[in-house]
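Written out below as structure tokens is the structure these notes cover.
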Amino acid sequence: AAATAVALPAIGSASTEPVSGGSLRILMVNDDGWDGGGLLVLRQALLDAGHDVVVFAPADDQSGNSGRITLGEPVEITQHEPGVFSVGGSPADSVEAGMSLAFAGELPDLVVSGPNPGANIADATIHSGTIGAAMTAVNEGVPAIAVSTNGDPTVDGVTNPFVVDLVAALGEHAAGEPLLPDRLGLNVNIPSVAAGG
């Protein structure tokens, strides 16, 4: 498939500093497809918290693809709405495309991969596209969080507030420095709990 040209200058900040006090440039990805797994709901929660959030996620379900990348052929990128793009490839392809295009050539402050419905623990991490996407970012020196949940992230009332609070805590702790130590990512698994539980 031929690559689709898209105009990107209006979707992100060209600054090398966070957008404004406490705001971060966040690239979001998943392995369930750009419109699946609660990705857009979490994006909205992070936007509401004041962050600049751009989605580059697979065009379709790419679960279990670990860190697979596409070599020797173009991938198609489609814009669905401002700041939301699908990539005709793997989660790792999506991260690479987003890190190159989303913020006018500047790397994001953070990559959030997920939320993935279902835990990514033990042996499952080897095959997880959610983990593979986060590790692709970490390998490029960008802090990343892989988020998985045993609940339904679109309705559980727990996953999205937890991630928003975690991102805020990382930003406060970093105090203008990188959010996580170099080459470190977080694998966050949220159990199935009721809101307020």
Just wondering, do [Y] and [X] contact through their side chains at under 4.5 Å, heavy atoms?
| X | Y | result |
| --- | --- | --- |
| Pro117 | Asp32 | yes |
| Glu140 | Leu107 | no |
| Phe56 | Asp93 | no |
| Thr159 | Leu42 | no |
| Ile77 | Leu101 | yes |
| Val163 | Ile145 | no |
| Asp52 | Phe103 | yes |
| Val142 | Leu27 | no |

Review point. Other than Val138, which residues form its hydrophobic cluster under the rule that side-chain heavy atoms must be closer than 4.5 Å?
Key: Ile131, Met135

Identify the two heavy atoms, one from [X] and one from [Y], that lie closest to each other, and give their separation to 0.1 Å.
| X | Y | result |
| --- | --- | --- |
| Gly129 | Pro91 | O-CB, 3.6 Å |
| Ala146 | Ala134 | CB-CB, 4.0 Å |
| Ile190 | Phe162 | CD1-CD2, 3.8 Å |
| Gly141 | Asp182 | CA-OD1, 4.3 Å |
| Leu180 | Ala144 | CD1-O, 3.9 Å |
| Trp34 | Phe85 | CB-O, 4.2 Å |

Okay, side chain of [X], backbone of [Y]: is any donor-acceptor separation there less than 3.5 Å?
| X | Y | value |
| --- | --- | --- |
| Asn30 | Gly36 | yes |
| Ser94 | Ser90 | yes |
| Asp109 | Arg25 | yes |
| Thr130 | Ser113 | no |

Check your understanding: Would you say Leu47 and Ile26 are hydrophobically clustered, going by side-chain heavy atoms of ILVMFWY under 4.5 Å?
Key -> yes

Exercise for review: Determine, step by step, whether Leu24 and Leu179 satisfy the side-chain contact (heavy atoms from CB on, under 4.5 Å) criterion, reporting the C-alpha distance in whole Å, the side-chain angles of both residues, the deciding distance to 0.1 Å, and the verdict.
Suggested key: CA-CA 10 Å; Leu24 301 172; Leu179 298 181; 3.7 Å; yes

Would you compute the distance between atom [atom1] of [X] and atom [atom2] of [Y] and round it to the nearest 0.5 angstrom?
| X | Y | atom1 | atom2 | result |
| --- | --- | --- | --- | --- |
| Leu40 | His80 | CG | NE2 | 9.5 Å |
| Met28 | Leu46 | CE | CG | 6.0 Å |
| Asp165 | Asn160 | CG | CG | 11.0 Å |
| Leu170 | Leu110 | CG | CG | 7.0 Å |

Review point. Among side-chain atoms of Asn139 and Thr136, is any donor-acceptor pair under 3.5 angstrom?
Key: no

